[in-house]
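Here the structure is a predicted model, which means the values were calculated and not measured. Just the heavy atoms: all of them, side chains too, but no hydrogens, waters or symmetry mates, feed the values below.
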Amino acid sequence: MLEVVPWYNGLPPAERQEIRAALRVVSLRKGEYLFRAGSRSPGWYGVVDGLVKWSSSGAQGKTLSLAGFSTGSWFGEATMIRGARFEYEVMALRPSRVVVLPRDLCERLWKQNIAFTQALMLHLAQRVDWLMASYCGNVLLDVDTMVARAVAAQLAAESHSDTGGRLKISQEEIASLCGVSRQRCNAALTRLARAGVLQTRYGGLTILDRDALHQYAQIGRGDGPENLP
């Protein structure tokens, strides 16, 4: 997993070896929470394999889905840097493995290694851009665009592997990432399929036209939380 992470590959060999030695692996079952709101941050999280959802719950039980993270994605950096408690939660949508890079090592790296600091700041800037777009999307965009964005983010997440446009993600998972019902998600996917953008299949999707997908998603190619370094 680390070999596809740009910020890791930009570090000197000694720092890469130190990071490998410090990582702690957490295995999650489907539906299990990695952490809940109010928990203390132990460090920076990275997804080894699987799919986890980042969301926030309101006082009256309403949940806002913010993003999905899959193999190679890193998250939780803002809370880690502030040394604060999480104001959101992360749950596994399928069996997943996540690594934790301890905060003390991250703090030493961002104080002593300019390459790590630059990578972390770029990561934060891209996260802010994604959150702004996500907020606008939840307020202004229709379901078709939201579903297209979720699919485009997953496509970006798997860009490091030769999948040929075949994504291993269920319609139930896409609906959960978008925060819409499965019926509304399925209807949106059907419309995208009729437009020649993608093809649905058992256990996943096949992207037929990447440019059209990004047009429906109203994003530039390569945008999305899954393409963060």
Quiz item: Which pair of heavy atoms, one from Met146 and one from Cys178, lies closest together, and at what distance?
Solution: CE-O, 3.3 Å
Quiz item: What are the two closest non-hydrogen atoms of Gly38 and Arg85, and how far apart are they?
Solution: O-NH1, 2.9 Å
Quiz item: Quick one: does Met1's side chain get under 4.5 Å of Thr71's, heavy atoms only?
Solution: yes
Quiz prompt | Val52 side chain near Ser73 side chain, heavy-atom distance below 4.5 Å | solution = no
Quiz item: With a 4.5 Å limit on heavy-atom distance, are the side chains of Val147 and Tyr216 in contact?
Solution: no
Self-check item: Trp44 side chain near Ile81 side chain, heavy-atom distance below 4.5 Å
Solution: no
Self-check item: Sub-4.5 Å side-chain heavy-atom contact between Leu198 and Leu167
Solution: no
Quiz item: Would you say Leu109 and Leu120 make side-chain contact, with heavy atoms under 4.5 Å?
Solution: no
Practice problem: Spell out, as yes or no, whether a donor-acceptor pair under 3.5 Å connects the side chain of Ser96 to the backbone of Leu51. | Solution: yes
Quiz prompt | Exam field: side chain Arg103 to backbone Met80, donor-acceptor pair closer than 3.5 Å | solution = yes
Self-check item: Main-chain N/O of Leu11 paired with Arg16 side-chain donor or acceptor, under 3.5 Å
Solution: yes
Quiz item: Are the side chain of Arg166 and the backbone of Thr206 linked by a donor-acceptor contact shorter than 3.5 Å?
Solution: no
Quiz item: What are the two closest heavy atoms between Gly196 and Leu208, and how far apart are they?
Solution: O-CB, 3.5 Å
Quiz item: Pick from Leu192, Leu155, Val197, Val151: which one makes a side-chain contact (heavy atoms from CB on, under 4.5 Å) with Leu205?
Solution: Val151
Practice problem: List the atom of Leu93, the atom of Glu173, and the distance in Å for their closest heavy-atom pair. | Solution: O-OE2, 3.6 Å
Quiz item: Which atom pair, heavy atoms only, marks the closest approach of Val90 to Trp54?
Solution: CG2-CA, 4.2 Å
Quiz prompt | Check against ring-ring contact (aromatic ring centres under 6.0 Å, His included), Tyr45 and Phe35 | solution = CA-CA 11 Å; Tyr45 292 95; Phe35 55 77; 5.3 Å; yes
Self-check item: Expected output: side-chain Ser176 to main-chain Glu172 donor-acceptor under 3.5 Å
Solution: no
